[in-house]
> 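Take this structure, written in structure tokens, and hold onto it; I'll ask about it next.
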There are 2 protein chains.
Amino acid sequence: MPRSGEQVRLRLQEAALELYLERGYDKTTTGDIAARAGVTERTFFRHFTDKREVFFDGQAELIELLTGALAAVPAGTRPLPALRAAFHQAVPLIEQNLPVTERRHPVIAATPALRERALAKNAALIDALTDALRARGVTDQLAPLCAQIGTDTYAAAIHRWATDRTDDLHTHLDRAFTDLRLSANALK
Amino acid sequence: MPRSGEQVRLRLQEAALELYLERGYDKTTTGDIAARAGVTERTFFRHFTDKREVFFDGQAELIELLTGALAAVPAGTRPLPALRAAFHQAVPLIEQNLPVTERRHPVIAATPALRERALAKNAALIDALTDALRARGVTDQLAPLCAQIGTDTYAAAIHRWATDRTDDLHTHLDRAFTDLRLSANALK
DNA sequence: CGCCCGGCGTCAGTAACTGACGTTATTGTG
DNA sequence: CACAATAACGTCAGTTACTGACGCCGGGCG
């Protein structure tokens with residue numbers, strides 16, 4: 001059983017967020033974060049592989065939730081409708097994480113290194129959804145394309161929702177997928 | 001007028017590619033690259049901002065070509081057809097760069113740090129295309145989504161073409177956009 | 001009570017970058 | 001054909017992200 005490792009981890013995350021907001025990402029060292037969390041720099045790197053990773057946690061939960069939801073969609077459902085249904089299942093988790101996400105967002109937007117990592121995390125989600133689509137019988141040709149496009153639409157919906165919160169996330173989700181359908185219909 | 005800076009830049013790129021292929025990205029230092037190019041480590045960082053950037057050059061040309069091609073598409077053309085037309089214009093450049101791309105690909109695939117940078121470069125392209133779409137009168141809501149989806153489709157086409165070269169890149173491009181249309185049509 | 005072990009501290013080391021300053025080679029000018 | 005101007009490079013010192021090795025310490029378990 002761990003001593004109190006999980007609490008140290010949480011303190012490190014909170015300390016990093018605070019310092020990144022106060023001084024900016026570049027002007028805070030990993031030693032600063034560790035000091036505010038009451039540990040040494042070495043302990044920081046025992047909990048997080050690098051300075052960026054402390055900002056992106058709980059991604060595994062989202063991937064498990066979405067792949068699980070995708071597997072639960074009735075067989076025979078086409079890829080993009082299946083993805084849309086899975087994303088609807090994730091709405092509560094996203095709404096619940098909004099307070100943290102809103103604090104992180106300006107830091108990520110202002111820091112290229114963090115944007116790169118955010119893109120990498122998104123790519124990992126797409127890879128997982130690609131595998132989940134293949135497990136549903138989607139072609140190797142079609143699975144990566146649909147996973148990518150579906151995730152993009154989902155991301156667009158979240159962005160619209162975060163900037164204009166007059167409507168529900170469910171509503172934005174359906175609206176974004178409708179935009180996708182209408183835009184794609186203009187091809188040919 | 002510069003001394004011979006451009007040749008040094010090219011030697012550094014070639015040296016980096018060779019060393020990354022020989023020992024792998026992690027086991028080659030920036031000093032190694034500089035030494036093989038016949039310069040010092042400091043000079044490496046005068047030509048490239050970091051160790052990853054030496055691998056991603058000529059992105060500006062592609063962005064200029066695509067945004068220019070997008071601006072040249074007849075007004076009134078819907079976003080995704082316009083993007084498809086622009087991507088067709090870039091086919092010669094991509095075919096011409098294939099030899100270099102093929103050498104870089106295995107290194108990028110094996111190196112997470114380089115994949116992150118590749119994703120960032122792709123994101124920069126999407127941002128440029130988003131602006132170009134807005135200049136064509138596309139909504140702020142629709143422009144980012146279409147730029148993202150169009151670029152994804154274009155990337156899928158290139159990937160299919162690179163792995164199965166029996167067909168033309170033009171053919172793969174049209175096929176991928178058709179896949180997009182058919183997949184999106186399954187929404188409702 | 002003593003053993004075990006997981007988490008932490010300490011120390012030393014590597015390598016990616018950065019700023020400051022001096023040096024060389026090329027180019028335009030009289 | 002000198003000769004200044006300047007862009008590119010070398011040198012040096014420094015910071016910081018990250019890693020491996022080893023020792024310590026506290027808590028569970030027989």
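Lettering follows sequence order; numbering is per chain, from 1. On a predicted model such as this, the values are computed, not experimentally measured, just so you know.
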> Return no unless some side-chain N or O of T29(A) is found under 4.0 Å from OP1 or OP2 of dT16(D).
no
> Give the minimum heavy-atom separation between A156(B) and L145(A), together with the two atoms involved.
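Scanning both residues completely, I find the closest heavy atoms to be CB-CD1, 3.9 Å.
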> Which heavy atom of A75(B) sits nearest a heavy atom of R136(B), and at what distance?
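What the structure gives for the nearest pair is CA-NH2, 4.1 Å.
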> For K51(B) and dC18(D), give me the distance from atom NZ to atom C1', rounded to whole Å.
13 Å
> Does R175(B) have any salt bridge (charged side-chain N to carboxylate O under 4.0 Å, His left out) partners at least two apart in sequence or in another chain, and if so, which?
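Here the qualifying residues are D167(B).
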> Given atom OH of Y25(B) and atom C1' of dA15(C), what is their separation to the nearest angstrom?
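Atom OH in Y25(B) sits about 11 Å away from atom C1' in dA15(C).
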> Just checking, K51(B) and Y25(B): is the charged tip under 6.0 Å from the six-membered ring centre and within 45° of the axis?
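Pair K51(B)/Y25(B) counts as cation-pi.
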> Do E102(A) and R165(A) sit within salt-bridge range, that is, some charged N less than 4.0 Å from a carboxylate O?
yes
> Tell me if the centroids of the rings in Y154(B) and F177(B) come within less than 6.0 Å of each other.
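Ring-ring flag for Y154(B)/F177(B): false, centres at least 6.0 Å apart.
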> Starting at NZ of K27(A) and ending at P of dT16(D), how long is that distance when rounded to a whole Å?
12 Å
> Name the closest nucleotide to the V8(B) side chain, picking from dC18(D), dT18(C), dC9(D).
dC9(D)
> State which of dC18(D), dC17(C), dT16(D) makes the closest approach to the side chain of R52(B).
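Among the listed nucleotides, the one closest to the side chain of R52(B) is dC17(C).
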> Show the distances under 3.5 angstrom between N or O atoms of the protein and N or O atoms of nucleotides 9-11 of chain C.
residue	atom	partner	partner atom	Å
dG9(C)	OP2	T40(A)	N	3.1
dG9(C)	OP2	T40(A)	OG1	2.7
dG9(C)	OP2	T43(A)	OG1	2.4
dG9(C)	N7	R46(A)	NH1	3.3
dG9(C)	O6	R46(A)	NH2	2.4

> Between dC9(D) and H47(B), is there an OP1 or OP2 to side-chain N/O distance shorter than 4.0 Å?
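Answer is yes, contact under 4.0 Å.
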> How close or far is atom P of dA16(C) from atom CG of L114(B), stated in whole angstroms?
13 Å
